[in-house]
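Below, all heavy atoms of this structure are taken into account, side chains as well, without hydrogens, waters or symmetry copies. Order of the sequence lines sets the chain letters (A, B, ...), proteins ahead of strands, with each chain counted from 1.
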Protein chains: 2
Amino acid sequence: MTPGASPTLRDVAQEAGVSPAIASRVLNADPSVRAREDTRERVRIAAQRLGYVPHSLARSLRGARTGAIGLVMHGLDSPINVDVLRGAQARCAESGYVTLLAEAEELTQNDSQLHAFLARGRLDGVILHSGYGHEDLLLEAVSRSVPAVLVNADHGGAVSTVRVDDAAAAALAVQHLLDLGHREITFIAGPAGSETSDRRQSGYCRALETAGLVETADVMHAEWSAAAGRAAAEDLLDRPRLPTAVVVANAVTAAGVLSGFRDAAVTVPGELSVVGVHDSWFLEHLAVALTTVRLPLQALGAAAARVLIDEIDARVAKGASRQGGKAGAGINGARAPHDEFISEPPPQLILRSSTGVPRE
Amino acid sequence: MTPGASPTLRDVAQEAGVSPAIASRVLNADPSVRAREDTRERVRIAAQRLGYVPHSLARSLRGARTGAIGLVMHGLDSPINVDVLRGAQARCAESGYVTLLAEAEELTQNDSQLHAFLARGRLDGVILHSGYGHEDLLLEAVSRSVPAVLVNADHGGAVSTVRVDDAAAAALAVQHLLDLGHREITFIAGPAGSETSDRRQSGYCRALETAGLVETADVMHAEWSAAAGRAAAEDLLDRPRLPTAVVVANAVTAAGVLSGFRDAAVTVPGELSVVGVHDSWFLEHLAVALTTVRLPLQALGAAAARVLIDEIDARVAKGASRQGGKAGAGINGARAPHDEFISEPPPQLILRSSTGVPRE
DNA sequence: TTGGGGCGAACTGGGCACGCG
DNA sequence: ACGCGTGCCCAGTTCGCCCCA
């Protein structure tokens with residue numbers, strides 16, 4: 001071993017006076033290895049003394065697993081999405097996987113980045129939280145090369161998904177307002193085309209329906225951004241007749257809505273009550289501390305990681321049973337897609353200062 | 001080639017009727033390859049038809065580069081730190097590197113995660129934005145295995161660093177208040193021990209000094225969190241005598257300060273002016289839209305990536321010139337550490353609603 | 001003879017099936 | 001039968017050599 005270079009398995013073996021095969025199996029605690037205790041000890045000592053660290057690439061090249069999971073995220077300017085990321089990352093790390101991070105926006109616009117990310121052999125699987133508009137392209141490219149799990153989007157059952165109960169969250173927000181006596185509640189949805197937004201909207205409608213107020217349903221659309229929320233608030237205030245309350249499908253949008261109301265000197269909750277969906281640290285610091293429905297975002301990310309890791313394990317097991325070799329598995333190691341619904345903890349109302357009884 | 005399995009270089013070579021050696025060099029556009037144009041064409045066609053994707057692990061195993069950079073971040077619950085992450089990630093992706101994400105908190109508390117992350121051969125380098133308290137441990141472990149760049153922390157010149165002009169930012173905030181006529185300005189610093197906070201504090205002091213007001217300097221400490229900011233605000237209000245303005249070393253802390261003032265019914269900027277450091281989307285939506293000094297956070301992350309990639313390139317070049325082999329470089333491929341100061345764009349005052357003339 | 005064109009084999013670092021004493 | 005080593009495998013990269021016009 002050249003001094004200064006990191007030691008290889010052969011170096012360790014030589015140092016211990018054994019063959020690389022034995023060294024490998026001892027260090028990996030292979031239960032089927034037959035070696036005298038003192039031999040094992042010599043190997044371990046040698047590895048220790050040389051500061052041996054296995055070469056992860058060499059190991060994964062031979063084995064079936066790389067130990068890396070790709071996280072394709074969108075909208076990292078929103079703490080909401082960052083929470084999902086953190087949940088997924090933490091869960092992966094806990095299970096011994098490292099995580100590769102990529103932005104959906106970049107990957108869709110830049111083929112070379114997409115290819116670098118999906119390069120053969122780099123990833124065991126991918127978690128895709130890509131927002132509406134990116135899924136089709138990315139999902140196809142991704143799921144062709146590795147197992148994938150889709151977060152908060154449903155893609156026709158071709159791939160596993162995890163979701164929170166968006167409809168229940170919106171319904172809970174509406175119910176809170178109904179309980180306060182509101183009867184005219186506007187829903188500020190996300191952009192048309194977003195499945196998450198659609199599910200929240202259907203929860204809103206369902207709650208109104210249950211209360212016998214379907215005909216009062218009133219939906220506006222806004223992008224998932226504070227600026228769009230502010231614009232939506234301005235549009236709303238331009239109307240001749242105002243509702244008494246607003247449910248906003250997203251906490252970041254809601255921040256903008258509140259600022260819009262503040263700019264127009266509309267008091268909250270005096271003149272208008274506002275409820276948001278999601279929970280995050282910044283909500284209590286907004287123009288008015290925002291009442292919201294908390295959804296388990298980190299748990300969502302963690303669940304995605306769990307489902308994906310299960311699939312990877314299943315595929316590896318299957319591949320192994322096929323005598324290794326080229327493990328024809330290809331992408332066909334996929335089991336039936338698993339759709340998971342995160343119902344624990346359930347959506348929870350977080351009461352702050354933005355809701356009250358209707359005006360007059 | 002077994003149908004269903006992804007094609008290897010040998011498959012492509014066979015399909016094109018050439019040896020793997022030629023196929024490799026043609027596909028990598030090796031300038032020193034000598035092959036007829038029609039041979040090259042056959043190879044390219046074959047690769048195309050088979051949908052050949054090179055195996056990244058096999059390639060990096062032989063080569064000097066893995067094409068992966070580690071991002072060790074802390075405090076991803078704060079959008080401020082996320083901005084740094086995004087800047088670094090984007091810059092890495094742009095240069096063809098994939099990024100591995102890890103949380104400093106997890107890595108310090110969990111040796112097995114640290115080892116998985118730093119496993120030999122996985123990373124070409126690491127960007128460390130680890131917050132005070134984690135550096136020592138992590139930096140040592142990291143820089144022993146790969147080149148590293150430290151973000152917004154100075155570590156005795158042993159490793160490269162990138163920084164923004166924290167002192168100038170704080171000074172700018174103070175100057176703005178001085179211009180408005182304030183003479184009693186309290187600084188709410190970060191936790192004791194944070195270098196970033198220390199630099200901002202020195203900027204605060206310097207500005208007061210220039211104005212001949214050193215003796216009015218007044219510093220409080222708070223963790224980098226909104227809750228700590230709120231507590232600091234409460235402590236401040238408990239005093240018999242209040243300053244007329246506050247500079248907060250961090251935007252997230254400032255959010256809490258503003259909420260603390262709101263809870264105590266202290267009007268901003270009527271009774272107290274507040275200026276924060278950093279800029280982010282949520283600041284205009286706080287209890288009072290916060291005037292801040294913008295620092296180029298994404299540029300900071302991007303600069304860290306650039307510096308690191310330069311170092312990696314230098315090391316690879318050096319290794320190559322040494323006839324390859326075990327490239328004794330070890331960690332010694334490191335050049336003299338490079339300390340970069342991001343002065344472009346300079347700190348910029350973003351005027352919102354939280355500052356005004358002193359009371360009375 | 002020379003040089004253009006292409007191939008074989010060794011090498012990266014480990015894992016694992018077999019086989020030898 | 002126990003204990004251990006040999007050698008090929010993964011998928012590329014690259015150096016040196018050979019062959020033929």
Student: Find which nucleotide of DNA chain D each of D38(A) and H55(B) is nearest to by heavy atoms, and output the residue with the more 5' nucleotide.
Tutor: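 Whichever sits nearer the 5' end wins; that is D38(A).
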Student: With a 4.0 Å cut-off on heavy atoms, is V12(A) in touch with a base, just the backbone sugar-phosphate, or nothing at all?
Tutor: nothing
Student: Quick check on DNA chain D: between R42(A) and V53(B), whose nearest nucleotide comes earlier from the 5' end?
Tutor: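 Looking at DNA chain D, the more 5' nearest nucleotide goes with R42(A).
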Student: What I want to find out is whether E37(B) reaches R44(B) closely enough, with some N-O distance under 4.0 Å, to be called a salt bridge.
Tutor: yes
Student: What is the distance from CG of L57(A) to P of dC9(D), rounded to the nearest Å?
Tutor: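 After rounding, the gap between these two atoms is 22 Å.
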Student: Strictly under 4.0 angstrom, non-hydrogen atoms only: write out the protein contact profile of nucleotides 15-21 of chain C, one letter per nucleotide from the 5' end, B, S or -.
Tutor: BB--B--
Student: How many Å lie between CZ on R36(A) and C1' on dA1(D), as a whole number?
Tutor: 14 Å
Student: Rounded at 0.5 Å granularity, tell me how far SG in C92(A) sits from CD in E94(A).
Tutor: 10.0 Å
Student: For the pair made of CZ in R122(B) and P in dG13(C), what is the distance, rounded to whole Å?
Tutor: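 Going from CZ in R122(B) over to P in dG13(C) covers 16 Å.
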Student: Under 6.0 Å from the CD atom of Q48(B), do we count more than 12 heavy atoms belonging to anything else shown?
Tutor: no
Student: Please give, in whole Å, the distance from dC4(D) C1' to E37(A) CD?
Tutor: 16 Å
Student: Would you tell me whether R25(B) and S32(B) have side-chain atoms, one donor and one acceptor, within less than 3.5 Å of each other?
Tutor: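 Yes, a side-chain donor-acceptor pair sits under 3.5 Å.
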Student: OP1 or OP2 of dG3(D) sitting under 4.0 Å from any side-chain N/O of T39(A)?
Tutor: no
Student: Specify the separation, in whole Å, of atom CG of D11(B) and atom P of dC10(D).
Tutor: 11 Å
Student: When you measure from the side chain of T8(A) to the backbone of R10(A), do you find a donor-acceptor pair of N or O atoms at a distance under 3.5 Å?
Tutor: yes
Student: Decide, yes or no, whether a salt bridge links R144(A) with E140(A) under the criterion of side-chain N to carboxylate O below 4.0 Å.
Tutor: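 Yes, this pair counts.
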Student: Quick one: label V33(A) by what it contacts on the DNA or RNA (base, sugar-phosphate, nothing), any heavy atom closer than 4.0 Å.
Tutor: nothing
Student: Between D38(B) and R42(B), is there a side-chain N and carboxylate O pair less than 4.0 Å apart?
Tutor: yes
Student: Report yes if a side-chain nitrogen or oxygen of T8(A) is closer than 4.0 Å to either non-bridging phosphate oxygen (OP1 or OP2) of dG13(C); otherwise report no.
Tutor: no
